[in-house]
Novice: 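Dropping the structure in here first, questions after.
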2 protein chains.
Amino acid sequence: MPVRTGVLTSKRVLPMHDDDIANIMRALGHPVRLEILRILATQQQGQCCCADVTDSLTLAQSTVSQHIKVLHDAGLIERKPHGTRNRYCIRHDRLAELNLAFGGLLTGLAPVAANTETELA
Amino acid sequence: MPVRTGVLTSKRVLPMHDDDIANIMRALGHPVRLEILRILATQQQGQCCCADVTDSLTLAQSTVSQHIKVLHDAGLIERKPHGTRNRYCIRHDRLAELNLAFGGLLTGLAPVAANTETELA
DNA sequence: CCGATTGATCGGTGGATTGCGATGGAAGAT
DNA sequence: ATCTTCCATCGCAATCCACCGATCAATCGG
């Protein structure tokens with residue numbers, strides 16, 4: 001099931017809806033997945049292959065691959081086939097997008113902004 | 001701007017670990033739960049009872065109560081018994097804490113030690 | 001006292017998630 | 001061509017999650 005969270009046109013990013021945010025939150029809702037993101041972030045060029053991630057964890061390769069798939073389906077990481085390996089790297093654009101959506105979520109939950117939401121469009 | 005992940009100097013909030021963040025992310029990883037938070041936020045005093053939430057959704061009362069429990073267990077909302085009802089309200093302090101932790105998470109995932117956050121065009 | 005309302009919790013069902021080992025295709029090495 | 005490495009995917013078991021109806025303690029109104 002492709003996730004298709006967040007409509008990303010050429011440069012404009014349309015706002016995320018609850019379903020999109022919830023999807024990404026669920027993808028981030030597992031410590032192993034957070035760890036995988038950290039592992040990717042600390043790599044030299046910000047990318048590494050599945051075997052490297054597996055070596056850094058105490059999980060089977062298939063399990064790691066599955067977690068990677070969840071992150072990939074959520075659009076949080078990118079896969080680049082490179083020879084016999086796949087290189088994965090964090091999609092910082094999506095992270096930025098998520099950061100915006102998260103900020104908007106918190107703003108919408110703030111007590112002051114409880115009413116009158118007409119300035120947005 | 002510098003980023004402080006998780007620790008508030010005045011009230012001494014302990015930093016969140018991956019498990020904590022993942023827990024909260026999972027709690028936020030369901031559209032109904034996001035909707036419940038929004039419903040709470042749009043109430044007059046920022047609080048309402050379970051029945052009000054149930055009326056605003058198309059779910060059984062037991063299901064809503066369960067979602068509320070998840071949010072409560074994650075520390076995102078607060079329960080105040082009030083007569084025959086329970087009033088729920090958002091814990092904005094925890095939201096702020098989460099915001100810090102989330103910002104720290106994203107900062108930790110940013111490209112190493114280099115700003116280079118310009119557009120990828 | 002009794003009846004009504006609220007809402008947490010229990011039990012059950014069905015589907016998703018997490019973990020594993022095994023399989024097999026693709027690409028580089030020999 | 002053959003061997004090896006990488007890793008996505010399948011099949012399976014265990015567990016968790018979402019949803020429901022039913023139940024029951026607590027509170028309020030009579």
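Proteins get letters first, then strands, A, B, ... in listed order; numbering begins at 1 in each.
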Novice: Determine whether V70(B) and L105(A) fall in the same hydrophobic cluster, where Ile, Leu, Val, Met, Phe, Trp and Tyr are linked whenever their side-chain heavy atoms lie under 4.5 Å apart.
Specialist: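 Hydrophobic grouping puts V70(B) apart from L105(A).
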Novice: Roughly how many Å is it from CD in Q61(B) to P in dG7(C), rounded to a whole number?
Specialist: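 Taking atom P of dG7(C) as the reference, CD of Q61(B) is at 8 Å.
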Novice: Starting at the 5' end of DNA chain C, which residue's closest nucleotide do you reach first, G83(A) or R85(B)?
Specialist: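 Here R85(B) is the residue nearer the 5' end.
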Novice: For S62(A) and A60(B), find the nucleotide of DNA chain D closest to each by heavy atoms; which residue's nucleotide sits nearer the 5' end?
Specialist: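 That would be S62(A).
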Novice: What heavy-atom pair brings P31(B) and D18(A) nearest, and what distance separates the two atoms?
Specialist: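 Taking P31(B) first and D18(A) second, the nearest heavy atoms are O-OD2, 4.3 Å.
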Novice: Check the angle between the aromatic planes of H72(B) and Y88(B) and answer parallel, tilted or perpendicular using the 30° and 60° thresholds.
Specialist: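 Rings of H72(B) and Y88(B): perpendicular, over 60°.
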Novice: Taking atom C1' of dG7(C) as reference, at what distance in whole Å does atom CG of D52(B) sit?
Specialist: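 Rounded to the whole Å, the gap is 12 Å.
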Novice: Taking atom NE2 of H17(A) as the centre, report whether more than 12 heavy atoms of other residues, nucleotides or ligands fall under 6.0 Å from it.
Specialist: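 Incorrect, the count does not exceed 12.
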Novice: Donor-acceptor pair, T54(B) side chain versus C50(B) backbone, under 3.5 Å?
Specialist: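 Side chain of T54(B) to backbone of C50(B), a donor-acceptor pair under 3.5 Å: yes, one is there.
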Novice: Take atom CG of N86(A) and atom P of dG28(C), then tell me their distance rounded to the nearest Å.
Specialist: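 Spelled out: CG on N86(A) to P on dG28(C) is 12 Å.
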Novice: I need the NZ-P distance between K80(B) and dG7(C), as an integer number of Å.
Specialist: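 In whole Å, dG7(C) P and K80(B) NZ are 15 Å from each other.
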Novice: Between dC20(C), dA27(C), dT9(C), which nucleotide has the shortest distance from any of its atoms to the side chain of T84(A)?
Specialist: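 Shortest atom-to-atom distance from the side chain points to dA27(C).
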Novice: Can you check the H67(A) NE2 to dT17(C) C1' distance for me, whole Å?
Specialist: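 Rounding to the nearest Å, NE2 of H67(A) and C1' of dT17(C) are 9 Å apart.
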Novice: Tell me the interatomic distance from K69(A), atom NZ, to dT18(C), atom P, rounded to whole angstroms.
Specialist: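 To the nearest whole Å, that distance equals 13 Å.
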Novice: Do any side-chain nitrogens or oxygens of Y88(B) fall under 4.0 Å of OP1 or OP2 in dT6(C)?
Specialist: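 The answer is no; no side-chain N or O of Y88(B) sits under 4.0 Å from OP1 or OP2.
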Novice: When the distance from NE2 of H72(B) to C1' of dA8(C) is rounded to whole Å, what number comes out?
Specialist: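 H72(B) atom NE2 is separated from dA8(C) atom C1' by 12 Å.
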Novice: When you list every nucleotide of DNA chain D with an atom under 4.0 Å from a heavy atom of chain A, which one comes first 5' to 3', and which comes last?
Specialist: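 Range of nucleotides touched by chain A: dT5(D) to dT9(D).
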Novice: Tell me if a side-chain donor or acceptor on R26(A) pairs with a main-chain N or O of G29(B) at a distance below 3.5 Å.
Specialist: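 It does hold such a pair.
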Novice: Is any side-chain nitrogen or oxygen of S65(B) closer than 4.0 Å to OP1 or OP2 of dG7(C)?
Specialist: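 False: S65(B) side-chain N/O out of range (4.0 Å or more) of dG7(C) OP1/OP2.
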Novice: Heavy atoms only, 4.0 Å cut-off, all strands: where does R87(A) land among base, sugar-phosphate and nothing?
Specialist: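 No contact at all - R87(A) keeps every heavy atom at 4.0 Å or more from the nucleic acid.
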Novice: Please report the C-alpha distance between R94(A) and I24(A) in whole Å, then the side-chain angles of each, then the deciding distance to 0.1 Å, and finally whether the side chain to side chain contact (heavy atoms under 4.5 Å, CB included) criterion is met.
Specialist: CA-CA 10 Å; R94(A) 290 295 315 253; I24(A) 299 184; 3.2 Å; yes
Novice: For R33(B), answer base if it contacts any base atom (sugar-phosphate contacts may also be present), sugar-phosphate if it contacts only those atoms, and nothing otherwise; contact means non-hydrogen atoms under 4.0 Å.
Specialist: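 Sugar-phosphate contact only - R33(B) comes under 4.0 Å of backbone atoms but never of a base.
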Novice: Could you give the CZ-to-C1' distance, from R79(A) to dA26(C), as a whole number of Å?
Specialist: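 Between C1' of dA26(C) and CZ of R79(A): 13 Å.
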Novice: Could you check whether I68(B) gets within reach of a base, just the sugar-phosphate, or nothing at all, counting any heavy atom under 4.0 Å?
Specialist: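 If one applies the 4.0 Å heavy-atom cut-off, I68(B) turns out to touch nothing in the nucleic acid.
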